[in-house]
Structures are given as structure tokens and as C-alpha cells.
Amino acid sequence: MDGAQPLVIERPALDRLITVLRDRGFAVMGPTVRSGAVVIDELRSGADLPAGWTDAQEAGTYRLTPSGHDAVFAHNAGPQSFKQVLFPPALTVWRGRRRDDGRVEADPPEDPPPLALLGVRSCDLHAIAIQDRVFLHDRFEEPDYATRRRGAFLVAVNCATAGGTCFCVSMGTGPRATAGYDLALTELTTGGPHRFLLEIGSARGAEVAAELAPRPAPQADEALAAEVVARTAAAMGRELDTDGIKDLLYANAEHPRWDDAAERCLTCGNCTMVCPTCFCSTVEEVTDLAGADARRTREWDSCFTLGHSHLQGGSVRASGRARYRQWMTHKLGSWIDQFGTSGCVGCGRCITWCPTAIDITEEAAAIRATDLRDLAAEGPADAHHR
């Protein structure tokens, strides 16, 4: 909340926060360690948090390692984002069965419990805002998303370390959370005991904070928190020049770099699965062999699949080149035309989790360095000598 005095809570109060939220009826979703990665799952106590762990990320590389200290949020963006909580990968839309008397009996819809999201990074706050724009503020409202999103309690965390593939500074989406949260935390492990600077973003955030035994933040802690964010911003593992990027990509639809990317791209769709803003889905309908039980599910889809653009007569984008170009141009370009914002928040997940280490920042830089508009202006002779 504007003008609210920053507070400080001690490390045990973070565990208390989970208890307070659960007591208020929330299912608390946040980071935990499982299968060698930091993933998003339900937190039942502070013991579930990834204290003592950090990660090393590069293109096509992710390693979880002990941090050597007791910081809780020393990790970076993992393979999952809070998209999987608000927009589940698979959702049963309808299920019914034919009774012996011929009548159809349908299961009533299951409403999810109220959600509290703990540990939301600034890039993911921006990603949630983008999905809000798509699912809540467009012509049609997505009912399941609306049920999960409305009333969700968001606890943001300002990043204390930058990942090797992060570029949120380039996108203006981090590393400090500035809006869209109920509470925001900055972890402080120096200059005193392990503690968190606590910022209040809403009235109900203030109500929850009051149960954590906070104290006014001294100026020294405010300064330390600012240093944490500034240090992270200065240590981004990647950068992306966004100046005129929409027009750049539109003008270079036939750039040879797309062929280079296609030679490496497996069209596996990993980049779309880990992206916190991709929203494509499909509907599957399945019946049992007897035709007595049927269900309809909504499942994540990807523009890298042949079926995604399939019309009568075949796929509109049959080649890997066309599909990679579609994804990147939509993410950084045509998304702006559709929704008034970039579809990329600079989290770097698509770089880390690409099995062939394709880097969206590298691809954009390569196209900018050999912009076909510049080559056309130079003329054949100049382009040859270049």
C-alpha cells in the first residue's frame, strides 16, 4: 500500500505466515524441493520451503545444489511457475455416465479451495497480470481461472540472486515487485539475524501481517533491502534489446536465422510448457469402450505441435522453422498488438529448459545484428563487403 511503513519479521514468522494463511482457509502453494528441482506444490509448514538450496542455470542446464547457508529464497525461477496453479495443465471440464435406465448423470463441478501463492517473483507477478488480461479482461472470461484467481492471496519475494538465464531487467519486470501483491518479502541474511523486510500491498495483507509480530523496519534494513535488489539487477545473466523489437521481427520474417534455429529446435514444446504466460489449450473428449462413461478435459497445448495450426488440408505451420518463428514473433511482437504488452517477462525458463539450449535473447540479437532492412538499404555491393 502506498505510503505504508515497511516492517521487519524474524525468520520464524515466515513459518508462522504459512500457518496463518492455512488457518484462514487458504491452500498455500509455494516453492519446495522435489526430484532435484525447486517446484511449486502445496506447503503445509515452513519445513517444506527450500531453505539451504540454490540453483545454477544456463542454456539447457539446471542444477540444484546446497547453498551453504540457511536462506529460504536463494533459488531462481524453477521449471514450474504459478501458472500451473491458476491455469492447471489438465482440468476435467465435465464428466458423466449413462445409467442403466438410460439417463445421463453428470458429476457436479469441483470448486478449488481459496489459494495463497507464496514466493511469487516479480517476473511471475507480471506473468499473472498478463494471464489476467487474457482470461479475465478480454471479451470472454475463463470461469475456472476466474474462480482460482479472484481472492488469491499473493506473497511476493524480491530476488536476492540473478539466474544465469534471467533478463527481467530488460523487460521491465523485476527483480523488485512493485505491484500486484498482498505482501512482499525481501530476505536479509546480513547485518543482523535472519529476517525479512515486509511490505504491505493490500488491506488484507495488513491483516495477515499483524499476526506475524512485525516491527518497524530500521533505515539500515531498508537500505540493505534496496542493495539486495540493486545487486540482483546488476547481475542479470542475459539481456534483450527490446527497442523496436516488434517491427524488427515483422520485417525479418524471412531471415536466414530462422533456418539456423530450426536445425536445432526439436519442436518439443518445452519452452511453451515452462513459459508462465503461454495460454494455449485444447479440449479432449474420451469415452470408455462401453460408451457409458465420458469426460471432457482442458489440457495445455503448444504452438509447436502440428495439430495446433491444423486446418482442413493440413497444418498451417508444417515446418519447425515456421513454428519457432511463430512462437518467438508472437511472444515478442504480435502479443503487443493483441494485448498491449510483451508476452515475455524475462524469467529465462525457455532458455534453461530448452534441451538444445536455444536462447531467445541470442536469436533476437542475431536478427538485429543482420537486420534485412539494413542490408536492403546498403545495397548488394555493400552487403557483400559486410
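The chain is numbered in sequence order, starting from 1. Computation of the quantities below employed the complete heavy-atom set of this structure, encompassing side-chain atoms and omitting hydrogens, waters and symmetry-equivalent molecules.
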Hey, does the side chain of [X] reach the backbone of [Y] with a donor-acceptor pair shorter than 3.5 angstrom?
X	Y	result
Arg349	Gly78	yes
Lys83	Cys278	yes
Asp124	Val120	no
Arg148	Pro113	no
Glu142	Asp144	yes
Thr297	Glu299	no
Ser202	Gly205	yes
Thr232	Cys159	yes
Thr329	Leu249	no
Arg323	Arg317	yes

How far does [atom1] of [X] sit from [atom2] of [Y], to the nearest 0.5 angstrom?
X	Y	atom1	atom2	answer
Asp221	Glu227	CG	CD	11.0 Å
Phe304	Met273	CZ	CE	10.0 Å
Asp241	Asp243	CG	CG	5.5 Å
Arg195	Thr189	CZ	OG1	8.0 Å
Leu21	Leu115	CG	CG	11.5 Å
Ser81	Gln131	OG	CD	7.5 Å

Determine whether [X] and [Y] make a side-chain contact, defined as any pair of heavy atoms from C-beta on separated by less than 4.5 Å.
X	Y	value
Ser302	Trp327	no
Val283	Val93	no
Ile18	Leu49	yes
Ser170	Met236	no
Leu154	Ile128	yes
Arg204	Arg24	no
Asp23	Glu211	no
Pro175	Val169	yes

Quiz prompt | Test applied, salt bridge (charged side-chain N to carboxylate O under 4.0 Å, His left out); reference residue, Glu363; option that passes from Arg257, Lys331, Arg368 | solution =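 Among Arg257, Lys331, Arg368, the one that satisfies the salt bridge (charged side-chain N to carboxylate O under 4.0 Å, His left out) with Glu363 is Arg257.
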
Quiz item: With respect to Glu285, which candidate in Arg296, Arg95, Arg295 satisfies the salt bridge (charged side-chain N to carboxylate O under 4.0 Å, His left out) definition?
Solution: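 Result: among Arg296, Arg95, Arg295, Arg296 is the only option passing the salt bridge (charged side-chain N to carboxylate O under 4.0 Å, His left out) with Glu285.
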
Could you tell me whether [X] atom [atom1] has more than 12 heavy atoms of other residues or ligands within 6.0 Å of it?
X	atom1	result
Asp100	CG	no
Glu110	CD	no
Glu141	CD	yes

Determine the minimum heavy-atom distance between [X] and [Y], stating which atoms define it.
X	Y	value
Asn252	Trp258	O-NE1, 2.8 Å
Asn270	Pro355	ND2-CD, 3.8 Å
Pro31	Leu43	O-CD2, 3.6 Å
Thr352	Tyr62	CG2-CB, 3.9 Å
Ser342	Leu332	OG-CD2, 4.2 Å
Ser122	Gly174	OG-CA, 3.6 Å

Please say yes or no: joined through hydrophobic side-chain contacts below 4.5 Å, possibly via intermediate residues, are [X] and [Y] part of one cluster?
X	Y	result
Tyr324	Trp353	no
Ile367	Ile360	yes
Leu136	Leu86	yes
Leu198	Val157	yes
Met171	Val345	no

Practice problem: Test Ile40 against Val85 for side-chain contact (heavy atoms from CB on, under 4.5 Å), laying out the working first. | Solution: CA-CA 8 Å; Ile40 304 298; Val85 178; 3.9 Å; yes

Output yes when [X] and [Y] qualify as a salt bridge under the 4.0 Å nitrogen-oxygen rule, no when they do not.
X	Y	answer
Glu10	Arg16	no
Glu187	Arg11	no
Arg44	Glu42	yes
Asp359	Arg264	no
Glu254	Arg325	yes

Ring-plane angle category for [X] and [Y], please: parallel below 30°, perpendicular beyond 60°, tilted otherwise.
X	Y	result
Phe279	His330	perpendicular
Phe196	Phe73	perpendicular
Tyr145	Phe135	tilted

Exercise. Please name the residue in the list Leu125, Thr173, Thr277 that meets the side chain to side chain contact (heavy atoms under 4.5 Å, CB included) test with Ile130.
Key: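 Of all the options given, the one that passes is Thr277.
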
Quiz item: Yes or no on side-chain contact (heavy atoms from CB on, under 4.5 Å) for Leu183 and Ile200, after CA distance, side-chain angles and deciding distance?
Solution: CA-CA 5 Å; Leu183 295 173; Ile200 297 172; 4.0 Å; yes

Quiz item: How far apart are the C-alpha atoms of Asn158 and Leu185, what are their side-chain angles, what is the distance that settles it, and do they pass the side-chain contact (heavy atoms from CB on, under 4.5 Å) test?
Solution: CA-CA 6 Å; Asn158 293 323; Leu185 304 170; over 6 Å; no

Exercise. Return the set of residues passing ring pair (Phe, Tyr, Trp, His ring centres under 6.0 Å) with Trp53 (not counting sequence neighbours), or none when no residue passes.
Key: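 If we apply the ring pair (Phe, Tyr, Trp, His ring centres under 6.0 Å) test to Trp53, skipping adjacent residues, there are no hits.
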
Quiz item: Given His308 and Thr282, is the side-chain contact (heavy atoms from CB on, under 4.5 Å) satisfied, shown in steps?
Solution: CA-CA 8 Å; His308 185 268; Thr282 187; over 6 Å; no

